[in-house]
Chemist: 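Below you'll find the structure I mean.
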Amino acid sequence: MHYKHRIAWRAAREIKAGQIINLGIGIPTLIMDYLPDRQQVFVHSENGIWGMGPRAAAGREDPDLIDAGAAYATIVPGAAFFDTLTSFAIIRGGRIDLAFLGALQVAQNGDLANWIIPGQMTPGIGGGMELAQKSRKVIVLTTHVTKTGAPKIVKSCSLPLTAPACVAMIITDRAVIEVSDAGLCLKELAEGVSVADVVAATEAPLLVPEGELPRF
Amino acid sequence: MHYKHRIAWRAAREIKAGQIINLGIGIPTLIMDYLPDRQQVFVHSENGIWGMGPRAAAGREDPDLIDAGAAYATIVPGAAFFDTLTSFAIIRGGRIDLAFLGALQVAQNGDLANWIIPGQMTPGIGGGMELAQKSRKVIVLTTHVTKTGAPKIVKSCSLPLTAPACVAMIITDRAVIEVSDAGLCLKELAEGVSVADVVAATEAPLLVPEGELPRF
Amino acid sequence: MSSSKIFSAAEACRSIADGATVLVGGFGQPGTPNRLLRQLLAQGTKQLTLVKNDASEPGLGISILIEAGRVAKLIASHVGLNPLAVALMHEGRLAIEVYPQGILAEKIRAGGAGLGGILTDIGLHLDTDRPAQLVEVAGARYKIEPALRGDVALIHAARADTMGNLVFTKTAGNFNPAMAMAADLVIVETGEIVPAGAIDPDHVHLPGAFVDRLVLVEKSAADYGVLKHHALQA
Amino acid sequence: MSSSKIFSAAEACRSIADGATVLVGGFGQPGTPNRLLRQLLAQGTKQLTLVKNDASEPGLGISILIEAGRVAKLIASHVGLNPLAVALMHEGRLAIEVYPQGILAEKIRAGGAGLGGILTDIGLHLDTDRPAQLVEVAGARYKIEPALRGDVALIHAARADTMGNLVFTKTAGNFNPAMAMAADLVIVETGEIVPAGAIDPDHVHLPGAFVDRLVLVEKSAADYGVLKHHALQA
């Protein structure tokens with residue numbers, strides 16, 4: 001299984017029946033393939049869907065029906081369409097139980113940076129800032145380090161924040177890490193990865209529980 | 001013709017084809033019977049109708065379809081229903097061309113008082129404040145004097161204002177008066193009423209043009 | 001979102017506590033959740049702060065709670081059609097706070113949309129007992145109207161599906177959509193609950209994401225029928 | 001409301017002046033008024049300030065105006081799918097102002113609803129080039145976001161009636177309803193104009209009270225069809 005799919009598969013296990021979830025651009029969109037029970041999880045898409053289904057099959061695309069990343073989408077029975085105002089009222093009003101977002105950096109206190117690299121990448125904010133700040137729970141899905149090997153889980157974000165102290169959990173290609181009041185806590189390891197590997201690739205200090213850690 | 005109907009009939013002549021109008025509680029609701037061309041005038045009701053028709057005939061009432069005064073209403077073809085938010089976005093957004101409102105007092109500068117008599121009548125504000133302040137044109141329909149004979153067209157309102165300097169025209173059982181930068185200007189007289197009658201019943205000074213005034 | 005949103009009126013309203021702030025849909029009778037209000041009366045909930053456009057009329061809507069002395073405070077836009085409420089106010093037994101109708105709706109919407117409030121120039125000329133916070137933006141003066149939320153919203157919809165998607169009808173929408181966004185617990189009564197997928201997703205007026213509990217009601221003539229005194233005489 | 005709201009694209013857009021602020025519906029391609037944008041390109045309108053969720057993609061939507069150098073400033077929520085717009089920004093030839101997506105929508109709605117602005121706690125932690133006006137309400141800090149209006153709104157609707165009542169579909173609604181409330185001149189393109197009364201009044205998404213001009217468009221495959229690069233491969 002490709003690492004992105006492994007992250008998505010592991011992330012899907014955090015979803016509880018009855019929850020309203022939002023899947024950010026990138027790895028989070030892959031979660032759609034691993035939803036525990038499609039009848040019991042309602043996917044919100046900020047461009048105006050509550051009850052989004054999987055991507056449209058080839059040849060079955062509707063030009064008026066896309067997801068927030070511009071891919072052609074589908075809906076499940078009981079879905080509703082609405083405008084941007086209503087969509088973000090759902091988000092800022094606190095009705096998203098669980099948002100899965102990508103990251104450029106996550107700090108040990110849960111600060112998230114994922115929207116800008118000044119002078120380099122300036123795609124804009126989109127819906128991420130509101131999702132990060134107002135969802136009841138935010139889980140970050142990301143590679144553990146950048147393409148050049150720099151840690152993404154850091155003591156303090158050097159990049160401008162998307163939202164402060166918003167991340168509850170980080171799922172990477174190497175580990176599952178919980179953000180707690182005491183700091184970052186290593187909870188699970190990917191197959192073939194050691195505690196030492198993860199600690200070495202993480203700038204922020206990690207609390208490592210005694211005993212064997214679960215694998216995913 | 002009862003004086004209220006005469007006021008409503010005269011008021012209806014101020015409506016131009018294509019306008020969006022709002023009819024306040026009281027005499028203004030009677031205008032519905034005198035609309036120049038029902039296909040060309042769209043009546044807005046603040047409880048959620050654009051394209052309101054006459055009152056529902058006896059036995060044809062729909063419990064879900066009322067006007068802003070709680071009377072059972074009808075709609076015309078091309079009407080739309082919407083919620084309070086949209087209804088007042090239409091009003092405050094400046095899309096009402098012409099609002100007909102009742103009055104307790106109107107001042108010579110166009111100040112309108114029609115919502116409260118402190119310690120005596122406190123029904124609340126309703127939609128009148130927003131209609132008075134934001135409609136493109138406000139015409140007041142009222143009796144010229146109170147039940148006890150006190151003038152309602154005054155130098156300065158003693159009652160709390162609904163909105164300042166908002167009234168463009170006053171149509172009463174005795175006269176049609178325009179609010180201009182120079183002051184109140186007498187434009188028309190009701191049948192059987194003299195200029196002296198109107199001047200005597202009006203506290204604010206009136207500009208009276210030379211020559212015979214039109215009758216209504 | 002729980003796995004089933006359908007409750008009896010008693011189950012749905014049981015958790016509404018004394019002293020709660022309750023948003024109540026309706027403009028006059030259309031859109032008023034009469035059955036849920038009768039449940040509040042029956043279960044004895046008291047010291048309520050109610051938010052409704054109007055005070056309803058005697059014997060109807062929220063007036064049944066006002067008349068029973070269950071309402072400490074009413075936030076509304078007008079109360080003109082309810083002399084009982086006006087009398088209680090003058091006796092000092094009912095606090096009434098009034099706002100311009102559209103501003104009341106915007107305050108509630110701001111609460112629902114996760115905003116702190118809105119800026120408005122409506123009523124800037126008024127001296128009220130509420131000291132206004134004023135700001136200047138782009139050269140114009142505005143009053144800050146803080147967001148308003150409820151502990152509970154009681155909503156009436158024409159139709160719902162099992163997911164909680166709502167459809168309103170005619171002038172019975174009014175404050176309901178705004179209020180259904182702006183409470184921690186959103187309880188909806190409706191005359192019809194259809195299966196998921198039976199409502200065209202483009203015809204949904206309020207997505208089920210906002211809705212916690214659905215109550216199927218029989219619409220009695222007394223509470224939901226034509227009021228003769230507002231009808232033309234034959 | 002004029003006696004007939006139906007115009008050709010050229011007639012409808014003729015009065016749009018150089019330097020105008022133009023609100024443009026659409027999130028990606030769905031809901032984007034492509035035909036009206038092509039009219040602006042054809043008639044040479046320039047020095048525009050455009051407000052759209054995104055910068056569209058090269059060759060589509062507002063990008064045709066950006067590429068032709070007609071856009072002085074873009075107010076958006078993200079521009080990530082348009083490298084041409086990003087390049088122009090880095091060259092200093094296109095000013096870009098970005099807001100959180102829902103806050104951009106709220107600023108526009110405030111403009112349409114006759115409000116001065118909104119209070120939000122989104123992005124309070126940010127230092128931007130825009131100095132924020134901060135206020136404290138009920139013990140919490142908020143940023144004032146002033147209302148935003150356009151001289152013109154260009155809207156795409158799935159269907160309209162001759163009164164200008166609009167119906168949107170699926171994810172093509174997006175910014176259109178907010179923008180259609182918030183401009184002095186509201187021009188709507190649609191693939192279908194039906195007689196007054198043909199749309200159920202409960203199914204109208206935006207009442208015709210807001211709509212000034214309707215343009216009936218043929219929806220070309222190039223502008224309104226499926227974009228292969230966003231589709232799954234067979």
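Please read all numbers here as calculations on a predicted model, not as lab measurements.
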Chemist: Using a strict cut-off of less than 4.0 Å between a Lys/Arg side-chain nitrogen and an Asp/Glu carboxylate oxygen, indicate whether D:D212 and B:R95 qualify as a salt bridge.
Modeler: yes

Chemist: Sort out for me which residue in D:R70, D:K46, D:Q47 forms a side-chain hydrogen bond (donor to acceptor under 3.5 Å, both in side chains) with D:D18.
Modeler: D:K46

Chemist: Would you say NZ of D:K219 has more than 12 non-hydrogen atoms from neighbouring residues, nucleotides or ligands within 6.0 angstrom?
Modeler: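 Enclosed.
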
Chemist: Would you please indicate yes or no on a ring centroid separation below 6.0 angstrom for D:H156 and D:F168?
Modeler: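 No.
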
Chemist: For the interface with chain B, which of D:P177, D:G208, D:A182, D:A198 has the highest count of heavy-atom pairs at distances below 4.5 Å?
Modeler: D:G208

Chemist: Please state whether the side chain, the backbone, both or neither of D:D200 comes within less than 4.5 Å of a heavy atom of chain B.
Modeler: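 D:D200 has no heavy atom closer than 4.5 Å to chain B.
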
Chemist: Which atoms of D:D202 are under 4.5 Å from chain B, going by heavy atoms: the side chain, the backbone, both sets, or neither?
Modeler: both

Chemist: Do any N or O atoms from the side chain of D:R149 and from the backbone of D:G111 form a donor-acceptor pair under 3.5 angstrom?
Modeler: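 Side chain of D:R149 to backbone of D:G111, a donor-acceptor pair under 3.5 Å: yes, one is there.
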
Chemist: Among D:G164, D:G112, D:G114, D:P201, which has the most heavy-atom pairs under 4.5 Å with chain B?
Modeler: D:P201

Chemist: Go through the atoms of B:I49 and report whether side chain, backbone, both or neither lie under 4.5 Å from a heavy atom of chain D.
Modeler: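 The answer is neither part of B:I49.
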
Chemist: I'd like to know whether B:Y34 forms a side chain to side chain contact (heavy atoms under 4.5 Å, CB included) with B:R13, so could you lay out the CA-CA distance, the side-chain angles of the two residues, the decisive distance to 0.1 Å, and finally the verdict.
Modeler: CA-CA 8 Å; B:Y34 303 105; B:R13 285 166 49 196; over 6 Å; no

Chemist: D:G197, D:A196, D:P195, D:A113: which one forms the most heavy-atom pairs within less than 4.5 Å of chain B?
Modeler: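 Top option by heavy-atom pairs under 4.5 Å: D:A113.
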
Chemist: Contact part of D:A183 toward chain B, heavy-atom cut-off under 4.5 Å: side chain, backbone, both or neither?
Modeler: backbone

